[in-house]
There are 2 protein chains.
Amino acid sequence: MQGLVGQGLTGQNRGNGPASPPEHPVQTGLTIDSLPADSALDGRGPLFDQIKRAVAGQILRGRWQAGQRLPNEAELSSLYGVSRQTVHKAIALLAREGFLVRRRRAGTFVATGRRDRFALPIEDIGDVVAREGRVYEFRIRDRRSLRNGEGIRWPDLPDGTPILALECLHFSDGTPIQHERRLVNLDVVPEVVDESFDVVAPSRWLVDRVPWSSADHTVRAVNATAEMAALLGVEAGAACLSIRRQTMHLSRPVTLVHFLSVGDRFTLSGSSITDSATELNL
Amino acid sequence: MQGLVGQGLTGQNRGNGPASPPEHPVQTGLTIDSLPADSALDGRGPLFDQIKRAVAGQILRGRWQAGQRLPNEAELSSLYGVSRQTVHKAIALLAREGFLVRRRRAGTFVATGRRDRFALPIEDIGDVVAREGRVYEFRIRDRRSLRNGEGIRWPDLPDGTPILALECLHFSDGTPIQHERRLVNLDVVPEVVDESFDVVAPSRWLVDRVPWSSADHTVRAVNATAEMAALLGVEAGAACLSIRRQTMHLSRPVTLVHFLSVGDRFTLSGSSITDSATELNL
DNA sequence: TCGGAGATAATGTATGTACATAATCTTTCG
DNA sequence: CGAAAGATTATGTACATACATTATCTCCGA
C-alpha cells in the first residue's frame with residue numbers, strides 16, 4: 001500500500017464557479033501601473049496557485065524586473081480581489097522557491113539572485129541502466145571489515161571506527177560501465193555486516209535503509225589507470241567520469257563512495273526546472 | 001541571527017487558555033504510541049517550524065518508518081497543543097519538501113520514495129575561479145552571426161532561425177581551464193548582437209539578463225582532441241569534463257552551450273542538503 | 001547636523017471558522 | 001453476493017482577525 005507515487009494534487013479546471021473575483025473595486029490609484037491583460041487570474045486551480053502563476057508570469061516575461069519592488073500584500077489583495085492571507089500564501093511560496101525576496105517593512109522584491117542555480121540530479125546506476133531498457137548486473141569484487149586507519153583512511157571519520165570496505169563492478173548488458181569503491185560506517189549501520197549483497201546492490205541497499213540529511217559530491221574527469229582500464233574493458237588512459245560522494249546522517253558520516261565510469265558509456269544528465277515553472281507550465 | 005537563542009518567542013505551548021480546543025478527552029487508545037520525550041517541541045522559532053523539526057526528527061531518527069501513517073491533523077494538533085492550521089502548515093510544508101505523502105481521507109504517510117535525489121549544483125566558471133581567490137579572465141576567440149542550418153545546426157531550433165555563435169576560453173591565473181562554444185537564439189535575445197563581451201562573459205551576461213525556466217544538462221568525460229589539447233595547454237588525450245547545457249524560456253530555446261574543462265583543473269562539486277535538514281540542523 | 005526616540009509600514013505567525021474535495025467505509029437494495 | 005448509493009473522514013482552500021516582528025522613516029532636540 002505504500003506504493004503511492006506522484007501525488008496527484010491540483011484541483012482541475014473547474015469553470016471558476018464559486019466566488020470568482022468578478023467586479024472588485026479595483027482601487028484605481030496605486031503603485032504599479034494597473035496590470036495588463038495577461039496579469040489576470042486564469043481560473044485554473046486554487047486561488048493561491050493562480051496568483052503564483054500570475055506573479056511568476058510577470059517576472060518570467062520580464063515585465064517585473066529583477067530588484068523591482070512588488071505591490072504590497074494589501075495592494076495585491078485588492079488587485080486580485082482575494083484576501084491578504086491568500087496573497088500571502090502565494091507570495092511566501094514564491095519567496096521560498098527563490099523568485100522573490102521579502103523584507104519586513106521594506107517590501108517584496110524580485111530576486112536579483114541570478115537564477116544560476118543549475119542542479120544536476122545524480123541517479124542510481126541501476127535505475128539508469130534499467131530505464132534504458134538494458135540488463136543491469138553487479139558483482140562484488142572485494143569485501144573487508146576493518147578499522148579506520150588500518151590501510152584505508154576515511155578522513156572525516158575518527159581513526160579506529162569500524163568500517164566495511166566494498167569494491168564492486170556494475171554492468172549494462174554485460175558490459176562493465178562503472179567501478180565502485182565504498183566505505184560504510186559500521187557504527188551507524190551495523191546491520192550491513194549481515195547483508196550479503198547477493199541481490200541488492202550496496203548503493204540501493206543503503207539508500208533504501210538509511211535516511212541521509214546531506215551529501216557532498218565531487219565530479220571530475222580522469223584518465224583510466226591501467227588497472228581500472230583492465231577492469232572496465234577500455235584502453236589505459238580512456239577518459240572516465242569520477243564521482244565521489246559522502247553522505248551524512250545527523251552529522252555522522254554514513255558512507256563514502258567513489259564511482260568511476262567509462263566516459264563514453266555513462267553520462268550524467270538531467271533537467272533542472274525552476275520549481276515554480278513546473279507548476280506554472282510556462 | 002545565530003546570536004543567543006534569546007528572543008522570547010512567544011506563544012509557548014498548551015496551558016494558555018484562550019479558546020483552546022474544547023478539551024476533548026485525549027483519545028487514549030490510538031495510532032501512534034504516545035510520543036517519547038524527544039518528540040516535544042523545542043521552543044526555538046515559530047511553532048510551525050518546531051513542529052516540522054519534531055516530525056522530521058521522528059522520521060530521520062527512524063522512529064517513524066517509511067510508509068507508516070502519521071496521526072491526523074486533529075490528533076497532532078491536540079498532541080502538540082496548537083491549532084490545526086499550524087499543524088497543517090508544518091505538515092504541508094514537509095509534504096512539499098518530499099518527506100511526507102498526503103492523501104485525502106486516507107491520511108499522511110512517511111514518504112517511501114527513496115531520498116536519492118542527489119543534486120549537483122553547476123556554477124558559473126567565473127564565480128568558481130573568483131571564490132578560489134584566483135584571477136579570472138576570458139577571451140572571445142570567435143563570433144559569428146548566422147542562420148541555423150548554415151554550417152551549424154542547433155537541433156531543437158527550426159532551420160533558418162538567426163543565431164549568434166561564440167567561442168571563448170576561460171582562464172584561472174592565466175592558465176586556460178575551460179573552453180566554451182555557445183549558440184544564442186537571436187529571436188529570443190536580439191540585444192546580444194550589440195554586446196561586445198569586452199567586460200562581461202557571455203554566460204554571465206545571459207544569466208543576468210534572460211530568465212530561464214528550464215535547463216537540460218549532460219555531463220560526460222572525454223579525451224581531449226589535439227586541437228582542444230593545444231588550446232587548453234594539455235597533452236592530447238587528457239581527460240576533460242564536458243558539459244552541455246541548453247536553457248529554455250517559455251518553451252523556446254535560449255542558448256546551447258558546450259563547456260570543455262581540463263579534468264585536473266576543474267571539478268564539479270557541491271553538497272545537496274535535504275531542504276528540511278537545512279532548517280532542522282539535524 | 002547628528003543622533004536617538006518613537007511612529008509607521010510592511011511582512012510573519014497563530015487561531016477560528018467554514019466549506020470544498022476526495023477517498024474510503026458502510027449500508028442498502030437488486 | 002455484489003454493486004450502487006450514501007455517510008464519513010481526512011486533507012485542502014479561503015477568509016477574517018489579531019497581534020508580533022522589523023526595518024525604515026520622521027521628527028525632535030542637543
Side-chain angles (χ1 to χ4, degrees), chain A residues 1 3-4 7-21 24 30-31 41 43-52 69-78 80-96 100-109 279, chain B residues 1 3 6-14 16-22 27 30-31 41 43-52 69-78 80-96 100-109 279:
Chain A
M1 66 104 74
L4 33 112
Q7 45 289 50
L9 55 111
T10 310
Q12 276 344 318
N13 22 332
R14 19 102 143 141
N16 72 4
S20 85
H24 55 258
L30 43 104
T31 48
L41 302 185
R44 291 184 293 127
L47 281 176
F48 77 89
D49 263 345
Q50 297 183 42
I51 293 175
K52 278 183 64 177
R69 178 176 165 180
L70 269 69
N72 68 32
E73 294 186 351
E75 288 166 333
L76 288 172
S77 157
S78 76
Y80 290 120
V82 303
S83 71
R84 176 165 91 95
Q85 294 57 263
T86 304
V87 166
H88 177 77
K89 184 172 182 178
I91 300 297
L93 284 172
L94 284 176
R96 186 174 282 265
L100 303 172
V101 174
R102 316 197 77 188
R103 273 161 45 221
R104 287 181 167 159
R105 165 78 218 228
T108 302
F109 303 84
E279 307 152 13
Chain B
M1 86 100 71
Q7 51 270 40
L9 294 160
T10 82
Q12 275 332 347
N13 328 346
R14 57 241 93 183
N16 61 3
S20 88
Q27 290 284 32
L30 42 115
T31 50
L41 302 185
R44 291 185 294 126
L47 281 176
F48 77 90
D49 263 346
Q50 297 183 43
I51 293 175
K52 280 183 63 179
R69 177 176 163 179
L70 269 68
N72 68 30
E73 293 186 353
E75 289 166 332
L76 288 174
S77 157
S78 75
Y80 290 119
V82 303
S83 70
R84 176 165 91 91
Q85 291 57 264
T86 303
V87 166
H88 177 78
K89 184 173 181 179
I91 299 297
L93 283 172
L94 284 175
R96 185 174 283 266
L100 303 172
V101 175
R102 316 197 77 188
R103 274 160 45 223
R104 287 179 167 161
R105 166 77 219 229
T108 302
F109 304 84
E279 307 152 14

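The shown structure was predicted, so the numbers you read here are calculated from the model rather than taken from an experiment. Order of the sequence lines fixes the chain letters, A, B, ..., with proteins taken first and strands second; residue numbering starts at 1 for each chain.
Here the nucleotide nearest the side chain of A:Thr108, chosen from D:dT11, C:dT11, D:dT13, is C:dT11. Considering only side-chain atoms of B:His88, the nucleotide from D:dT13, D:dA14, C:dA10 that sits closest is D:dT13.
The phosphate of D:dC15 has OP1 or OP2 within less than 4.0 Å of a side-chain N or O from A:Thr86. Phosphate proximity of D:dT13 to A:Lys89: present, with a side-chain N or O under 4.0 Å from OP1 or OP2. For C:dT24, the OP1/OP2 oxygens have a side-chain nitrogen or oxygen of B:Arg103 closer than 4.0 Å. Look at B:Arg102 and you'll find a side-chain N or O under 4.0 angstrom from OP1 or OP2 of D:dT11.
Annotation for A:Phe109 and A:Leu70: closest pair C-CD1, 4.3 Å, computed over non-hydrogen atoms. Residues B:Leu41 and B:Gln50 come closest through the heavy atom pair CB-OE1, 3.3 Å.
Rounded to an integer number of Å, the gap from A:Arg96 CZ to C:dG12 P is 10 Å. Here D:dG12 presents its C1' atom at 15 Å from CD of A:Gln50, a figure rounded to the nearest Å. Summarising the geometry, the separation between CD on B:Glu73 and P on C:dT17 is reported as 17 Å, rounded to the nearest angstrom. The distance from atom CZ of B:Arg69 to atom C1' of D:dT11 is 11 Å, rounded to the nearest whole Å. Nucleotide D:dA14 holds its P atom 11 Å from the CG atom of A:Leu41, rounded to whole Å. Straight-line distance from the CG atom of A:Leu93 to the P atom of C:dG12: 11 Å, rounded to whole Å. What separates CG of B:Leu94 from P of D:dG12 is a distance of 12 Å, to the nearest Å. The separation between A:Leu100 atom CG and C:dA10 atom P is 16 Å, rounded to whole Å.
When the side-chain hydrogen bond (donor to acceptor under 3.5 Å, both in side chains) test is applied to A:Thr108, the partners found at least two apart in sequence or on another chain are A:Arg102.
Across the interface with DNA chain D, nearest-nucleotide mapping of A:Ala106 and B:Asn72 shows B:Asn72 to be the residue nearer the 5′ end.
The base of D:dT22 has none of its N or O atoms less than 3.5 Å from a complementary donor or acceptor on the side chain of A:Arg105.
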Extract from the structure each pairing of a protein N or O with an N or O of nucleotides 17-19 of chain D at less than 3.5 Å, listing the distance.
unit_1 : atom_1 : unit_2  : atom_2 : d
D:dT17 : O4     : A:Gln85 : OE1    : 3.4

Which pairs would a plain distance check flag for residues 81-88 of chain B, meaning a side-chain donor or acceptor within less than 3.5 Å of a matching protein atom at least two apart in sequence or in another chain?
unit_1  : atom_1 : unit_2  : atom_2 : d
B:Ser83 : OG     : B:Thr86 : N      : 3.4
B:Ser83 : OG     : B:Thr86 : OG1    : 3.2
B:Arg84 : NH1    : B:Glu73 : OE1    : 2.4
B:His88 : ND1    : B:Glu73 : OE2    : 2.7

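In this structure, NZ on B:Lys89 lies 8.5 Å from CG on B:Asp49, to the nearest 0.5 angstrom.
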